[in-house]
Structure formats: C-alpha cells, structure tokens
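Note sheet for the following structure.
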Amino acid sequence: MARILIEGGIPLSGEIAVGGAKNAALPIMAATLLCGDPIRLSNVPRLNDVETMQKVLRALGGTVAWEGPHEMAITCDGGIKEEAPYELVKAMRASFFVMGPLLARLRRARVPLPGGCAIGVRPVNIHLKGFEALGAKVSIDGGFAVATADRLQGARIHLDFPSVGATENLMMAATLAEGTTVIENAAQEPEIVDLADFLNAMGAKVQGAGGPTIQIEGVRQLRGVSYRVIPDRIDAGTFLVLGAMTRGPLVIKDAQPAHQMAVIAKLQEMGATIDVQGDRMTVEARGRLRGVDVKTLPYPGFPTDMQAQITVAMCLAQGTSLVTETVFENRFMHIAELVRMGANLNIRDRTVVINGVDRLIGCPVSASDLRAGAALVMAGLVAEGRTEVGNVFHIDRGYENLVERLARLGARISRLEEPATPPDHSRR
Ligand code: EPZ
C-alpha cells in the first residue's frame, strides 16, 4: 500500500500543466464501442481509472493500446461481447457507461450493477428507465442489469435528476436508435459537451449538449475518428484552490478556464486573485482568505468534485463558512480526518459548519475517495509538521503524477511504496 509523506508549511509557487479530463475520457472510451473503425484519442490522462476502462474494452473484445504518453488507439471491430466483466465494473463505476453503447451496437447488453462507494449508494435507476424509454426490455439478473431491444426507438426522456452518467449513457444509446431522442433535464457538464463533440465527429447528430435539453437524431452507422480530450477542470480547480491557500503565485496552464467559473468566482469571493490569459490561470492571495458559503450543485453550479478541496481552504480562512453538499448523500468522509489535523468543523445534515483556525497540525490520515484524498494532501501541505496520507490508490484514480507536480512547486512531499504486509496471525 502506498503512502504520501508531506512536510507542511512550505510556500508553493511555479507552474503546473493540467492533464486531460478523466470524466470526459472515460465516457469517450466507452463510446468507441459504437463503431468498428480504428479511433485515436489524445490528451488522455494516465490514470488508474483509464487503465481500468482499457481492461473493460479489451474484455468486451476491443483492442486498446497506448500510442504515446497521452495518446491511445482503440478499435472495437467484430466479435464485441455483450457482457462486461463483474470485477472490473465493481472496481470502477464508470464502467457502467458501456451499457448504452453495447445496447446500441448489439441491441443487448449485460452489465453488472455498479456498487455504491464511499460517497453514496449511487443507483443507476435513471439510466435503466431511460433505456426502457428507448424501447429496451430491462431486467436485473444476479447483480447484472440486462437490456435487450429489437431496435432502439427515439423517445422523449425526462431525467428525474440531471445525472452525468445517465445523460452520457442515454446520449450514446440514442445515436444509433431509429428516429429522434430528446433528453430533458440533462446534465450540462463540459464532459457532456466533450462526449457530444466526439460522437458528432464520429457522424452522430447530437444537438444542445451543455444545455438542459439534448436532441439526438439516430443514424445508421458511426465511423472512426481522431479526437482530443478536453482539459480536466477538477485537476485545474484543485490547483487553483491550492494556489489560493498557499498564497502562490501559481500558474496553471493547458486549462480551460471557462469550465471552472464557479470555482474561480468562489476563490475571488474568498479574497484570491485569479488572472486568466487564454489557457493559463495565475492564482495568488495576499493575506488570509475570507470564509464564505458554498453549495454544490450540478454544472454550472459549484462542482461536488471540488467540495472537499474548498473545505480545506476554509479550514484556515477568516471567520465561519458553510459548505452544503446537495449532489451526494455521504461526501463528508474527509471531515473527520481534517478534525484530527485541528480543523474546527461540525456536520449538520448535509452542511459542514467551518470555523476558521490559525493552523492545522500534520498527522497520519486516510483517503476515503478520490477528491477527499487530494484534499488531505492539500491540508498536509499547509499544516505544521509531517502528514502521512494513506489509501493513496484513491488519489491515483484521478490525479496523474500528483506528488511529482507538487514537488516541482517546492513541496516537501514523497511517496512511500510499501509491500502489502501479510496479516500477522501470531498471538501476542
Ligand atoms: C459523475 O458521476 C462523475 N464521474 C463524478 O465524479 C461526479 O461527482 C458526478 O458525475 C457528479 O458531477 C464520472 O464522470 C466518471 P451522477 P455519476 O449520475 O455520473 C444520483 C470524480 O470524483 N443518481 O451525476 O455517477 C446519484 O446517486 C467522480 O471524478 C441516481 O439517483 O454522477 C447522485 O446522488 C466522483 N440515479 C446524483 O444522482 C441514477 O441513475 C449525481 O450522480 C444516477 C444518479
């Protein structure tokens, strides 16, 4: 098991490059199942979740290979299987995104129901209801979601919640359906727009992505394409918050600033200054940040994937802050760890009340999910003394070379790979 060791309190400054968006690359990789031609993707981040999606595509019969540091070649020609492997879908919820493409391509799909995770139960009812609306017969069989259809028919689908994954799964399924599909109350995240742009590059007819209503006119076939994935707005947002916390100046390049206006606005409200020049953002803060209130919402609201990170910034800010999590029911696993570092936090239902303190004290902490892990690393960077972050595998799912990039900014940080110690059964 790996751990990250940090000596906190070192001022950070310099320049970091943002990687490709994990949450765009994963659905786009799933969408390659929609056609049999060779596809080339660029700006794909080297993350564990991306490697898992590669394994899923190979298990389904696709050929997938890295062709460069961030370039990938995928061909899902002939012999595509209808059943996704149980252990891989359990390992990564986003594997469920293959259900829409398999149903569209093969007219049947058998995909394990993804389990919940630390942040919530995360059901897929909205996905399954949408497949039924498209004319599929859907059932649950031994932990698998099973869908079959003679032919998918375009339909008007209203989502109970603007689910990112459901919007993506249904958009992909609808590209090869007969007739026109309208998805209402669709998710509006930039990753939805990136998937729609990828599908249209393959010859699909998707309109309205990025807004609440998406229209997809079914086509008979899609073709191979080369495509570049957008920058990761959560990777960029994480470093924006870090730059504000550590005063900076921190330059974040290869970003798409238009995708993180909510985070930029909130940090400016806290007293940071953020200068945007093209794909570069320079963040700095003179003096202590001010505490503010935040409520996470579907895009373009403040992203839930930035909730843990902004909470850390508020732990040391002046005054009292409220952070309300409206998207997931259990995304406060980092709070107890921050309290152990000396933060003054209380949870009231779905809101954390944060009373700013003058300092955090380093100690051993454990990551519970991807973004909580990143937040604990950020806390360690500003805490006094030494912090050890455990369960680093969570962080590896969504941040490429996080330790190396932080070290380049001046952080005293290292990664300790420890062999998994066999359980000690000896009687003491
Ligand atoms: C995507 O997850 C992202 N993952 C998540 O990022 C992100 O936090 C989330 O969207 C919200 O923005 C990927 O894109 C791979 P949802 P997804 O469906 O699609 C409920 C990260 O850190 N819901 O929008 O699973 C659900 O329980 C990850 O990179 C249903 O009730 O999120 C949740 O409360 C974490 N029924 C809410 O909707 C459904 O059928 C939002 O979920 C589907 C969702």
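Counting convention: from 1, in listed order, for ligands and their atoms alike.
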Can you tell me the protein heavy atom closest to [atom] and the distance?
| atom | result |
| --- | --- |
| atom 40 (O) of ligand 1 | I126 N, 2.8 Å |
| atom 17 (P) of ligand 1 | R122 NH2, 3.7 Å |
| atom 11 (C) of ligand 1 | T304 CG2, 3.9 Å |
| atom 25 (O) of ligand 1 | R93 NE, 2.8 Å |

Carboxylate-amine/guanidinium contact [X] [Y], below 4.0 Å:
| X | Y | value |
| --- | --- | --- |
| E178 | R151 | yes |
| D396 | R415 | yes |
| E15 | R280 | yes |
| E337 | R340 | yes |
| R156 | E184 | yes |

Q: Indicate yes or no: does an N/O atom of N23 lie under 3.5 Å from an N/O atom of ligand 1?
A: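 Right, the criterion is met.
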Q.
Please check whether D305 reaches ligand 1 - meaning an N/O of the residue sits under 3.5 Å from an N/O of the ligand, judged on distance alone.
A.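 Min N/O separation from ligand 1 is below 3.5 Å for D305.
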For ligand 1, is any non-hydrogen atom under 4.0 Å from [X]'s backbone (N, CA, C, O), its side chain (CB onward), both, or neither?
| X | result |
| --- | --- |
| K22 | side chain |
| R371 | side chain |
| E191 | neither |
| N125 | both |
| K129 | neither |

Q: Start with the C-alpha gap between H70 and E400, add the side-chain angles, then the distance that decides, and say whether side-chain hydrogen bond (donor to acceptor under 3.5 Å, both in side chains) holds.
A: CA-CA 11 Å; H70 297 105; E400 185 175 345; 2.7 Å; yes
(Q) Using a 4.0 Å cutoff against the non-hydrogen atoms of F328, which atoms of ligand 1 qualify? (A)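 Contacts of ligand 1 toward F328, numbered from 1: 8 (O), 9 (C), 33 (C), 34 (O).
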**Q.** Those atoms of ligand 1 less than 4.0 Å from some heavy atom in V327
**A.**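 This gives 33 (C), 34 (O), 37 (C), 41 (C) as the contact atoms.
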Proximal candidate to [atom] [heavy atom criterion; set [options]]:
| atom | options | answer |
| --- | --- | --- |
| atom 43 (C) of ligand 1 | G165, P303, P123, G301 | P123 |
| atom 41 (C) of ligand 1 | Y299, F97, F161 | F161 |
| atom 12 (O) of ligand 1 | V164, N330, D160 | V164 |

Q: Compare every heavy atom of K90 with every heavy atom of L113, then report the nearest pair and how far apart it is.
A: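 Between these two residues, the closest heavy atoms are O-CD, 4.5 Å.
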Q: Determine whether more than 12 heavy atoms belonging to other residues, nucleotides or ligands lie under 6.0 Å from atom CD of Q221.
A: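 No, not enclosed.
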Q) Counting only heavy atoms not in R412, do more than 12 sit closer than 6.0 Å to its CZ atom? A)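 12 or below, so no.
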Q | side-chain hydrogen bond (donor to acceptor under 3.5 Å, both in side chains) between H127 and N169, intermediate numbers included | A | CA-CA 7 Å; H127 300 242; N169 238 334; 3.1 Å; yes
(Q) Quick check on R331 - does any of its heavy atoms sit under 4.0 Å from an atom of ligand 1? (A)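 R331: in contact with ligand 1 (<4.0 Å).
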Q: Return yes if some donor-acceptor pair links the side-chain N/O of Y227 with the main-chain N/O of D194 below 3.5 Å, else return no.
A: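 Between the backbone of D194 and the side chain of Y227 there is a qualifying donor-acceptor contact (under 3.5 Å).
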**Q.** Protein contact for atom 35 (C) of ligand 1 (heavy atom, distance under 4.0 Å)
**A.**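 Yes, at least one protein heavy atom sits under 4.0 Å from atom 35 (C) of ligand 1.
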